[in-house]
Amino acid sequence: MPQSPSAIDQAPVWNLVSEYPALDSPELQADLATIRQHTDTLKHQTDVFIPALEQSLLPDEEKPLIAKAWELLPLEKETALLLENVFGYAFMTWSTDSSNSASKELMGLVKRLESSFSQAVQPLHQFLIRLDEELFTYFLSNSVVRDSAFVLGYERRTRPHLLSISQENLITALQLDGHRAWGNLYDNLTSSLSYALPLPDGTTQTMGFAQLLSLLGGNDGDMRERAYHAIHALMETHQESFAAILNALAGWRLEVGQQRSQIAPYHFLDHPLHLNRLERHTLDTMMDSAHANRALGQRAYHLQARLLGKDRLDPWDVNASPPPLGEGDQPLSFEEAMDIIVAAFNEVDPEMGDFARMMQDNGWIDARPASHKMGGAYCSGFPKSRTPRVFMTFMGSTVDLITLAHELGHAFHSWVMRDLLFKETQYPMTLAETASTFAETVVRNYLLERATTPEQKAMILWQEVGSIPRFLINIPVRYSFEKAMYEGRAERSFAPADLCALMSEHWNSWHGDSVSGADAFFWASKMHFAIVEISFYNFPYTFGYLFSQGIYAQRQRLGEGFFPFYRQLLRDTGTMTVEALVQKHLGMDLREPAFWQQSLQVVEGYVSAFEELVPALSQ
Ligand SMILES: [Zn+2]
């Protein structure tokens with residue numbers, strides 16, 4: 001039943017007042033004052049660790065320093081928590097009204113405070129990393145630092161690659177105008193690009209780069225093709241700049257890696273793997289499994305092509321929305337969407353359904369469309385009160401319903417960890433999408449079971465099946481391209497034509513004949529290659545996707561026992577490596593192909609279901 005616009009207007013706005021009364025409230029000012037005070041104390045008191053970083057001390061000289069670490073770590077913890085709390089508040093306020101300059105200013109202020117804070121705690125952390133095993137065990141014996149045992153212990157793995165404190169500081173200082181500048185150039189360049197796009201009626205419309213990219217996700221094939229050619233023209237015009245950015249980022253990282261290789265060799269994958277708490281062996285096994293099964297994603301592309309009335313997809317179709325099928329998407333009210341989610345979550349366990357309802361009742365969801373509201377969706381929260389918040393714009397489509405389920409999945413993940421200490425709740429990107437993807441799958445399967453026409457089923461499955469080539473072909477292309485580029489960059493730099501050739505080679509190796517040609521300028525148009533903070537911003541996506549499919553497979557296998565298993569697994573995501581987590585909860589070794597095969601079997605089920613529907617729909 002079509003809804004009147006007012007039904008959508010009834011989507012809720014959230015309650016942030018429970019955290020701080022206002023941006024300029026005394027409560028918020030008090031937290032800022034505490035952050036400043038603690039940072040000042042840390043800055044002055046961490047000086048005592050510097051001699052220990054420059055020369056080796058005797059255990060008797062280190063013990064008083066360990067006592068100092070016990071004294072300072074609670075201050076560090078409280079400051080980190082408050083920084084996140086205030087930043088979260090500023091960001092959430094800004095997301096619902098981007099014209100609010102006070103929240104933007106507060107975000108800038110918190111970023112500056114955060115930078116002084118991390119510099120202040122640097123000597124303390126380096127001291128803990130450099131402690132020998134025996135002294136570190138002694139350090140952990142104090143209950144004050146119990147919640148940091150995993151995080152600090154894990155940080156110590158970087159020890160063989162640590163440089164002297166003065167070298168580390170020099171790198172940090174040079175980074176600002178060296179390394180970081182290349183990322184700024186990418187952002188500034190792409191945000192200033194515009195193109196006069198020729199429209200079917202003979203007129204032109206001037207569009208920015210982001211607008212052109214968003215057209216690639218639409219359901220109008222002609223516009224997708226026009227946007228794709230426009231993007232290529234823009235990339236070609238600025239290809240020298242884009243190539244300089246990629247060469248410089250890789251060159252900088254390889255040079256720093258060389259410097260860090262004095263005790264043990266430092267590989268360019270070491271840093272991204274460390275951040276993701278993943279072993280190289282696991283990554284290789286996962287990518288090998290994906291490559292061996294690339295036909296699954298190719299089959300998905302072929303099926304999508306049939307529904308689009310083509311023999312095979314063109315490169316501008318790989319992110320297309322489904323063509324209109326049957327009666328199309330019937331708009332839902334927010335209330336109806338919540339009822340579906342609660343019912344679907346209840347089938348997993350009433351605790352999950354009750355949680356979703358509580359999010360709604362407590363006013364922790366902001367879903368009402370509004371001008372000046374930021375696009376996209378996210379889940380955030382306040383570490384002080386340990387309460388999550390979900391942000392999105394709800395317009396009543398099935399895509400919105402699934403987005404709401406996805407973000408509520410994230411919120412549930414943080415909710416089941418709310419009694420753990422703050423440090424124990426920080427999980428890596430590899431595990432961040434587990435609960436969200438799981439929640440999506442639960443709701444999608446709930447809808448699929450209740451869909452009555454092939455058109456309804458196809459609309460639901462298009463999304464599910466569309467994820468397969470995204471995570472099992474497109475992301476691996478990015479990974480294998482980037483890896484080959486780093487391997488080659490050690491010897492030489494790449495001209496734009498070399499980067500296009502390298503991208504095409506890896507594109508074709510993963511796509512086979514499922515797409516008519518390679519997106520040769522993907523290395524320039526994909527912003528992820530130009531992120532400064534982290535390289536290889538790709539493989540965690542494939543990991544997260546296959547991991548959550550593997551978790552979903554346990555739902556059938558464990559039946560009644562599934563929910564307690566799932567809950568405990570989520571609770572452990574902040575205090576274990578990914579391999580240890582899977583070993584503990586599934587008794588499986590991620591370094592072996594068996595785990596990945598099990599996930600791929602689930603994925604194969606979606607392709608087969610879609611395959612059965614397509615012939616009837618594409619006649
Ligand atoms: Zn997510």
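Worth knowing before you read on, the calculation uses all heavy atoms, side chains too, and leaves out hydrogens, waters and symmetry mates. Remember, it's 1-based here, ligands and their atoms both numbered in the order they're listed.
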- prompt: Quick one: ring-ring contact (aromatic ring centres under 6.0 Å, His included) partners of Phe610, sequence neighbours excluded?
  reply: none
- line: Listed as residue and atom, the protein N/O/S atoms under 2.8 Å from the Zn ion (ligand 1) are His406 NE2, His410 NE2, Glu433 OE1, Glu433 OE2
Partner residues of Ser371 under the side chain to side chain donor-acceptor pair (under 3.5 Å) criterion, sequence neighbours left out: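 So Ser371 forms no side chain to side chain donor-acceptor pair (under 3.5 Å) with any residue.
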message: Can you classify the ring geometry of Tyr427 versus His413 as parallel (below 30°), tilted (30 to 60°) or perpendicular (above 60°)?
response: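 Rings of Tyr427 and His413: parallel, as their planes differ by under 30°.
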query: In terms of the angle between their ring planes, are His291 and Trp510 parallel, tilted or perpendicular, with boundaries placed at 30° and 60°?
result: perpendicular
query: Got Ile468 and Tyr545 here, is their nearest side-chain heavy-atom distance under 4.5 Å?
result: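 Side chain of Ile468 against side chain of Tyr545, heavy atoms only: contact under 4.5 Å found.
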message: Listing request: all salt bridge (Lys or Arg N to Asp or Glu O under 4.0 Å) pairs with a residue in residues 292-301, at least two apart in sequence or in separate chains.
response: Arg299-Glu604, Arg299-Glu611
